[in-house]
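Computation of the quantities below employed the complete heavy-atom set of this structure, encompassing side-chain atoms and omitting hydrogens, waters and symmetry-equivalent molecules.
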Amino acid sequence: MSTAVITPLVEARAVAKRYGPTTALADGRLTVLPGESHALVGRNGAGKSTLVNILTGLQAADEGEVRFDGDPAPALADRDAWRRKVACVYQKPTVVPELTVAENLFINRQPLQRGFISWRRLRTEAAELLGTWDVHVDPEARTADLKVEDRQMVEIARALSFGARFIILDEPTAQLDNREIERLFTRMRALQDSGVTFLFISHHLQEVYEVCQTVTVLRDARWITTAPVAELPRRALVEAMAGESLEAIAEQAVDPRDVDHDAPVLLEARGLTSPAYENIDLTVRRGEVVGLAGISGSGKVELAESFAGLHTPTGGTARLGGERLPFGDVQAALKAGVACVPRDRHDQGLVAGMTIGDNATMSVLDRLGRFGFVGTERKRGFATALIERLDIHTEGPDQPVSDLSGGNAQKVVMARALASEPRLLVLINPTAGVDVKSKESLLARVDSAREDGIAVLVVSDELDDLRRCDRVLVLFHGRVVAEHPAGWRDHELIASIEGVDNG
């Protein structure tokens, strides 16, 4: 007896996307069957966001094709046709917070009566739409007052009202607690029974096993595997994401480092709490490099930025060298001995209109001259020494920083951080978007900072950055959930980051 072939609701074949020299997606593939919840997983940089942008018609693929129900995807300019096919509910809301639920549901398509909006019909139609999909939200509530889970359901209902039956959920549980997550999953299952198909993107692999039937893994911008969730053990899923077998990973493990446990504690935090993290205890010794790892939304970046003076925690204390660390004041943190390589070198790290020399010495002008006067030659000499020390490829300190490649620009940010001779060096995604040679050069600076007795905090999504650390703390939903001494295996760390008990 022949079995009927099911036409995929959504299919992406050999999709490629490049931005200049960067390949964001080399071989994206996806086959989603009607009525299933299909998980898309992969580490940061695997190509998930690029594939979603192509599946939702925000960008055109350079190669390959996307089909809906067996038909080619609509033309990029035909937004209405895309809305009838697919919608994405992102972590950040796409609803207008000041409008009511009803207004958001029918924005730009309100029911009219004699050329004016009929508010009575708007409320009635909104109530009917919410009722159809069993969404229990007051149509007249201000959207800003909704809980995150209810706001997500409003976005899903709006998408369904256009006729779309394929909904992409991008990290939908990142801001939800366990009870809210369970309610979301219950609603997803009910919608599936009504004929809605989901693509579920999550870093929390436990959720993939709870709510999805099929999983596709991307790694290094390529499709790796698609398998029924029930047939893919967790260890195999983590292996597919990490890229090596557990045996191969065991062979290439880093040797545990000799950490001087008698070295004095330079940074000591007790009970640090903020909206992004909770009750954090942390110590970093002189000459110790400590990594902070976690998915986006784990609180790792906000915690590191707090030490650099960018945020003020709501509770807890931190001391550097025995003295209380000032919060919420970057200049005071700098004075106390904290230097930072921020997460975005363009917005936070460099002044584009200034020279390399000016950018590199910005934090130490008070040391180079008295009463606000800085000798040009003295500054040039200091900048030249930094350029040599960090192997910055440049015509000299007078070259505009905007002329530099990503790797060399990041070295200038690092040079400025080291120029202040800090006691604590905070590095946030220090090698993001730089080439292999620049990466090696920047990581060598971490080693020399260790030798100089500086306490170093490294926040990164890159395993190579974290390999230089004496230990790595993993944050999940704002709490420290694991600590890995140097010598960890890739799959162990990834499992902790993703919230998987890899037993």
Side-chain angles (χ1 to χ4, degrees), residues 3-79 81-90 159 164-171 197-203 205 208 212-229 231-232 236-245 433 435-436 461 494:
T3 54
V5 177
I6 301 171
T7 303
L9 183 69
V10 182
E11 193 172 18
R13 298 181 193 162
V15 171
K17 182 69 184 173
R18 285 174 289 278
Y19 301 99
T22 306
T23 299
L25 200 56
D27 179 17
R29 299 187 221 167
L30 189 69
T31 303
V32 183
L33 299 179
E36 73 174 350
S37 277
H38 192 116
L40 179 64
V41 302
R43 301 194 55 248
N44 289 349
K48 303 190 299 293
S49 298
T50 305
L51 184 56
V52 167
N53 286 344
I54 290 166
L55 289 173
T56 51
L58 292 177
Q59 293 173 331
D62 295 329
E63 293 166 26
E65 63 171 344
V66 174
R67 301 179 83 83
F68 292 98
D69 248 335
D71 298 324
L76 220 55
D78 191 348
R79 296 315 303 162
W82 280 97
R83 281 191 197 99
R84 290 194 291 273
K85 302 285 185 197
V86 56
C88 184
V89 177
Y90 296 94
R165 293 295 175 268
F166 177 52
I167 309 289
I168 300 172
L169 298 177
D170 187 8
E171 297 284 353
T197 302
F198 289 101
L199 183 66
F200 181 79
I201 300 171
S202 177
H203 277 289
L205 300 186
V208 170
C212 296
Q213 291 77 55
T214 313
V215 59
T216 290
V217 179
L218 295 183
R219 185 179 74 242
D220 298 332
R222 292 180 177 279
W223 174 84
I224 298 299
T225 187
T226 297
V229 169
E231 294 173 19
L232 194 66
L237 181 53
V238 173
E239 271 181 28
M241 292 170 68
E244 291 170 275
S245 71
D435 60 89
V436 176
D461 300 321
I494 290 171

*Check Y90 against L58 and note the closest heavy-atom contact, atom names and distance.*
OH-CD1, 3.6 Å

*State, to 0.1 Å, how close E239 and R219 come at their nearest heavy-atom pair, and which atoms those are.*
O-NH1, 4.5 Å

*Given side chains that start at C-beta, do those of L9 and D69 come closer than 4.5 Å, heavy atoms only?*
yes

*asked:* Ignoring hydrogens, what is the shortest heavy-atom contact between F198 and F166? Give both atom names and the distance.
replied: C-CE1, 4.3 Å

*Atom CG of D27 and atom CG of D220: how far apart are they, to the nearest 0.5 Å?*
12.5 Å

*Measuring from E11:CD to R29:CZ, what's the distance to the nearest 0.5 Å?*
11.0 Å

*asked:* Can you tell me which residue among L40, T225, L30 is in a side chain to side chain contact (heavy atoms under 4.5 Å, CB included) with L218?
replied: L40

*Does W82 reach the side chain of T56, with side-chain heavy atoms less than 4.5 Å apart?*
no

*If you measure from CD on E36 to OG1 on T31, what distance do you get to the nearest 0.5 Å?*
9.0 Å

*If you take all heavy atoms of A61 and V15, which pair is closest and at what distance?*
CB-CG1, 3.7 Å

*asked:* Surrounding CG of D78 (heavy atoms of other residues, nucleotides or ligands, distance under 6.0 Å), is the total greater than 12?
replied: yes

*Could you grab the distance from atom OG1 of T216 to atom CG of L51, nearest 0.5 Å is fine?*
9.0 Å

*Which value, rounded to the nearest 0.5 Å, describes the distance between R18 atom CZ and T23 atom OG1?*
6.0 Å

*Considering all heavy atoms of both residues, which atom of S202 and which atom of V41 are nearest to each other, and what is their separation?*
O-CG1, 3.9 Å

*For residues V86 and V10, determine if any side-chain heavy atom of one lies less than 4.5 Å from a side-chain heavy atom of the other.*
no

*May I ask you to decide whether R13 forms a salt bridge with E65, counting only side-chain N to carboxylate O separations under 4.0 Å?*
yes

*Looking only at heavy atoms, which two atoms of V52 and C88 are closest? And how far apart?*
CG1-SG, 4.1 Å

_Straight-line distance of K48 NZ to D170 CG, nearest 0.5 Å_ = 8.5 Å

_R79 side chain vs G57 backbone, donor-acceptor pair below 3.5 Å_ = yes

*Please walk me through it: do V229 and Q213 pass side-chain contact (heavy atoms from CB on, under 4.5 Å)?*
CA-CA 5 Å; V229 169; Q213 291 77 55; 5.7 Å; no

